[in-house]
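Right, one structure below, let's go through it.
The basis for the numbers below is simple: all heavy atoms, side chains too, and nothing from hydrogens, waters or symmetry mates. Letters A, B, ... mirror the listed sequences (proteins, then strands); counts begin at 1.
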Amino acid sequence: MAPQQPGFDQRVWQAVAAIPSGRLATYGQIAELIGAYGCARQVGWALRRLPLPSDVPWHRVVNAQGRIAMSPSREGSDWIQRELLLAEGIPVDAAGRLPLRQFRWLPPGR
DNA sequence: AGAATGACGCTGA
DNA sequence: TTCAGCGCCATTC
């Protein structure tokens with residue numbers, strides 16, 4: 001896995017790292033933040049390739065539906081995300097839903 | 001090179 | 001509000 005382009009994954013991680021504790025952001029938000037509007041899916045890949053444990057608060061990134069993106073490919077890391085969010089004071093429903101409208105992080109410049 | 005996949009987003013029913 | 005379909009683009013086979 002050559003480093004190909006400096007940037008995309010790293011940019012995503014950097015943007016995610018900018019999310020303050022106790023706040024939430026959507027994939028589309030991160031994509032737009034790094035200048036890749038419409039590439040919300042690629043943000044997902046960047047986080048999927050993210051080695052754990054990591055310094056990146058990837059658990060603060062959820063989908064626009066206000067739910068944790070659960071997938072069989074994650075081997076349960078999605079549930080870890082729920083635990084981490086609960087630890088930050090964000091109430092997460094058993095179905096993975098959370099009050100995104102209330103904890104939505106407003107990126108700088110917007 | 002072409003087709004299938006996916007940690008998404010939006011609109012419509 | 002919940003479910004289904006279509007569009008988006010990079011990665012993978």
Quick one: the side chain of A:R74 and the base of B:dA7, do they pair up donor-acceptor inside 3.5 Å?
yes

Once you apply a heavy-atom cut-off of 4.0 Å, does A:T26 come out as touching a base, just sugar-phosphate, or nothing?
sugar-phosphate

Roughly how far, to the nearest 0.5 Å, is CZ of A:R74 from CE of A:M70?
9.0 Å

A:Q29 CD to B:dG9 P, straight-line distance once rounded to whole Å
10 Å

For a 4.5 angstrom cut-off between non-hydrogen side-chain atoms, does A:W58 reach A:L84?
yes

Of all the nucleotides listed (B:dC10, B:dA7, C:dC9), which has the minimum atom distance to the side chain of A:R48?
B:dA7

Nearest whole Å is fine: how far is B:dA7 C1' from A:Y27 OH?
4 Å

Does any part of the side chain of A:R82, heavy atoms only, come nearer than 4.5 Å to the side chain of A:L86, both counted from C-beta?
yes

Look at the side chain of A:S73 and decide which nucleotide, out of C:dC9, B:dC8, B:dA7, has an atom nearest to it.
B:dA7

Rounded to whole angstroms, how far apart are CZ on A:R104 and C1' on B:dG9?
11 Å

Expressed in angstrom and rounded to an integer, what is the separation of A:W58 atom CH2 from B:dA7 atom C1'?
9 Å

Atom CG of A:L50 and atom P of C:dT11: how far apart are they, to the nearest Å?
16 Å

Between C:dA10 (P) and A:R11 (CZ): distance, integer Å:
12 Å

Polar pairs (N or O, both sides) under 3.5 Å between protein and nucleotides 1-4 of chain B?
none

Measure CG/A:D78 against P/B:dG6 and give the value in whole Å, please.
15 Å

Of the listed nucleotides (B:dG9, B:dA7, B:dG6), which one gets closest to any side-chain atom of A:N63?
B:dG9

Side-chain contact, heavy-atom cut-off 4.5 Å: A:P57 with A:W13?
no

Output the distance between atom CD (A:E75) and atom CG (A:D78), rounded to the nearest 0.5 Å.
9.5 Å

Would A:E88 and A:R60 pass as an ion pair if we require N to O under 4.0 Å?
yes

Restricting to nitrogen or oxygen on both sides, can you table the protein-nucleotides 2-5 of chain C pairs closer than 3.5 Å?
unit_1 : atom_1 : unit_2 : atom_2 : d
C:dT2  : OP1    : A:R97  : NH1    : 2.3

Within a strict 4.5 Å, meaning less than it, do heavy atoms of the A:Q102 and A:L24 side chains meet?
no

In whole angstrom, give the distance that lies between atom CD of A:Q42 and atom C1' of C:dT12.
13 Å

Counting N and O atoms only, with roles assigned by atom type, does the side chain of A:Q29 sit under 3.5 Å from a partner on the main chain of A:T26, one being a donor and the other an acceptor?
yes

Take a 6.0 Å sphere around CD of A:E83 and say whether it holds more than 12 heavy atoms from other residues, nucleotides or ligands.
yes

